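On a predicted model such as this, the values are computed, not experimentally measured, just so you know.
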Amino acid sequence: MLLLGGLLLCQACSSFMRQPIQPTQARLGEETQGTITLKSLPAPKDPIVVAVYKFRDQTGQYKPSENGTSWSTAVTQGATTILVKALEDSGWFVPIERENVSNLLNERKIIRSSRKQFNQGNDNAVSSLPALLYAGVILEGGIISYDANVITGGAGLRYFGAGGSNQYRQDRVTVYLRAVSTSNGKVLKTVYTSKTILSQAVDVGLFRFVRFGRLMEAEMGFTYNEPSEMAVTEAIEKAVLSLIVEGIEDNLWSLKEARQIVHKTILDYKKEREQIPQTDMFGRSLNNRRRKLSIDAGTANLLYNGDYPNPLLRTGAEIGLTYSSSPYLGWSLQYGISEMSAEKFYRSDVSYLEGGLTYRFLPFDVITPVATAGVGLMTENIQSRFDYSGDFYTKAHLGMGLEYMLNDYIGFRLTADYNYLFSDAIDQVEQGKYNDFYWRGNIGFRFYLGDKVSSKRKFEYKRER
């Protein structure tokens, strides 16, 4: 029954894994989303005759390999053909043959020679060929970079011989395209686009003794590699779209109907362009989620480590105020009351006031690691929780944590830090060569107020007409 169940599971997953079990017939090439977008553009007033001599791979990059050197190139060497097709699909350009123009000229020579030979003695015969089209614009550029392993990662879990894992990798290809006037050599417009290439592997396995002398082992998985040729095609098509829209705005070429300037494809492009300054290379928004001022409230869990043995973890409360001068950096002032205690002989109510810095590693993400550091004062509350008649002790702290934004105004934070006292007398015992210290854990909320912190990447899109 177990074997039958395994076979049924494999059968159920076979359609998902798309295992090839027989040869397939040739099919038409897939259309990318970029092809569909280009074909949806409004018509031009007059199509532009363009020449593409060479649009080549300029990266010199070879395909990444884990098993030694690979002499296969990372990206296609036929980018010129892809660009010519994208120009045709757009309907805005009339591409003329220039990549192999010598072949064309040789063939025209053969035609003229043949006509001259067969038309000897016939003065009325026409042996000349029509003139070749010439381009008003030359398109130059190429595939400028291929960055392998821009992001790598994965996750896995295995327990008692059963488990699975997931691994992924992202590469990135970048394309530059420029239009050059053939009349004066002026570079009319330069655009660039990029596309990520995803590779992913998933596997599940079981390795277990079902009974004495009987070992069962099962494995299942799949790997997906996004075709680099499709990624290059999308990047080139995006570059052609960008060249068309940017050229319309710069009056390099015109729409057949001026009112089509509000066409959805053009408006979508402009909206995407406006978001570029606030978007990183992975498509994540750089709009800071956190505001300038925040009020903190949470617990203050202290674990004393001093001259008395067997310390106990005690819980108190902490409030604070944080001002963020940038998306990454915040200045904080904290006040807390709690207790430090050992299993025997020592228990003391304490309070502290401290100032410090908070550094957010991923300020534009919902969840970010944070690092904290600062200095402060601590005192024993001898008579009551709010009695500050005792001695004050200076201290410094250093810690790490996480902050998760529940919404635009409330964040949940979890931090732990090490607090070093510049004295060995807070527990009224001075023993040994090391000062007293304690560990602190905070669980609480951060309530954000005011305006959002301005990102460092301020941008205002302006264009001279």
Side-chain angles (χ1 to χ4, degrees), residues 294-322 329-361 367-406 410-447:
S294 64
I295 298 175
D296 308 327
T299 63
N301 308 289
L302 306 187
L303 180 63
Y304 157 81
N305 198 315
D307 298 311
Y308 291 95
N310 303 321
L312 300 176
L313 180 65
R314 297 302 185 187
T315 299
E318 183 179 280
I319 59 173
L321 189 67
T322 300
L329 191 63
W331 305 79
S332 62
L333 184 66
Q334 307 286 341
Y335 171 78
I337 54 175
S338 189
E339 179 183 319
M340 292 200 298
S341 176
E343 189 173 334
K344 295 181 179 180
F345 311 121
Y346 178 66
R347 192 199 72 82
S348 176
D349 292 328
V350 295
S351 61
Y352 55 87
L353 179 68
E354 62 187 25
L357 298 175
T358 298
Y359 184 84
R360 308 179 187 96
F361 291 89
I367 184 169
T368 175
V370 296
T372 59
V375 295
L377 296 173
M378 172 174 275
T379 185
E380 284 188 293
N381 306 121
I382 301 174
Q383 300 295 332
S384 68
R385 280 291 181 122
F386 301 100
D387 173 35
Y388 306 111
S389 61
D391 295 331
F392 286 87
Y393 304 94
T394 57
K395 74 181 193 73
H397 70 269
L398 183 67
M400 293 288 295
L402 291 173
E403 182 179 357
Y404 175 75
M405 295 297 295
L406 300 175
I410 302 176
F412 174 77
R413 63 189 182 96
L414 177 65
T415 60
D417 54 24
Y418 169 80
N419 291 257
Y420 178 78
L421 295 163
F422 295 98
S423 172
D424 192 34
I426 192 169
D427 53 9
Q428 307 303 318
V429 175
E430 296 187 43
Q431 180 178 327
K433 61 180 180 179
Y434 298 108
N435 291 343
D436 298 329
F437 67 91
Y438 63 91
W439 296 94
R440 175 177 57 180
N442 294 101
I443 301 175
F445 293 92
R446 178 164 285 173
F447 302 93

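You'll find the side chain of Leu303 reaches within 4.5 Å of the side chain of Pro311, heavy atoms only. The closest side-chain heavy-atom distance from Ile337 to Asp349 is not below 4.5 Å. Between Ile410 and Phe447 there is a side-chain heavy-atom pair separated by less than 4.5 Å.
The minimum heavy-atom distance between Leu421 and Lys395, with the atom names listed, is CD2-CB, 3.7 Å. Shown here for Arg413 and Ala297, the closest heavy-atom pair between the two residues is NH2-N, 4.5 Å. The heavy-atom pair separating Leu357 from Ser332 by the smallest distance is N-OG, 4.5 Å.
His397 NE2 to Asp417 CG: the interatomic distance, rounded to the nearest 0.5 Å, is 5.5 Å. Atom NZ in Lys344 sits 8.0 Å away from atom CG in Asn310 (nearest 0.5 Å). With values rounded to the nearest 0.5 angstrom, Thr372 atom OG1 is found 6.5 Å from Leu398 atom CG. Distance check, rounded to the nearest 0.5 Å: CG of Leu402 to CD1 of Ile367 gives 5.0 Å. The CG atom of Leu353 sits 9.0 Å away from the CZ atom of Phe392 when rounded to the nearest 0.5 Å. Between the CG atom of Asp424 and the CG atom of Asp436 there is a distance of 4.5 Å, given to the nearest 0.5 Å.
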Would you mind writing out the side-chain donor-acceptor pairs for residues 313-320 within the sub-3.5 Å range, not counting sequence neighbours?
residue: Arg314; atom: NE; partner: Glu339; partner atom: OE2; Å: 3.4
residue: Thr315; atom: OG1; partner: Asn301; partner atom: OD1; Å: 2.8
residue: Glu318; atom: OE1; partner: Tyr352; partner atom: OH; Å: 2.5
residue: Glu318; atom: OE1; partner: Arg440; partner atom: NH1; Å: 3.2
residue: Glu318; atom: OE2; partner: Asn442; partner atom: ND2; Å: 3.4

Pair Ile426, Met340 - check side-chain contact (heavy atoms from CB on, under 4.5 Å), show working. CA-CA 10 Å; Ile426 192 169; Met340 292 200 298; 3.7 Å; yes

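Partners of Ser338 by side-chain contact (heavy atoms from CB on, under 4.5 Å), not counting sequence neighbours, listed by chain and number: Ala300, Leu302. Considering only residues two or more places apart in sequence or on other chains, Ala416 meets the side-chain contact (heavy atoms from CB on, under 4.5 Å) condition with none of them. Residues satisfying the side-chain hydrogen bond (donor to acceptor under 3.5 Å, both in side chains) criterion with Ser351, sequence neighbours excluded, are Asn381. The ring pair (Phe, Tyr, Trp, His ring centres under 6.0 Å) search around Phe445 returns Phe412, not counting sequence neighbours. With sequence neighbours excluded, no residue satisfies side-chain hydrogen bond (donor to acceptor under 3.5 Å, both in side chains) with Asp391. Residues passing the side-chain contact (heavy atoms from CB on, under 4.5 Å) test with Ile295, sequence neighbours excluded: Leu321, Leu449. Every residue two or more places apart in sequence or in another chain that forms a ring pair (Phe, Tyr, Trp, His ring centres under 6.0 Å) with Tyr420 is listed here: Phe422. By the side-chain hydrogen bond (donor to acceptor under 3.5 Å, both in side chains) test, Asp427 pairs with Tyr304, sequence neighbours left out. Not counting sequence neighbours, the partners of Tyr335 by the side-chain hydrogen bond (donor to acceptor under 3.5 Å, both in side chains) test are Tyr388.
Partner of Glu354 under the side chain to side chain contact (heavy atoms under 4.5 Å, CB included) criterion, out of Asn419, Leu333, Val375, Leu377: Asn419 alone.
Listed for the Thr299 side chain is a donor-acceptor partner under 3.5 Å among the backbone atoms of Ile443.
Taking the six-membered ring for Trp and thresholds of 30 and 60 degrees, Phe437 and Tyr418 have ring planes inclined between 30 and 60 degrees apart.
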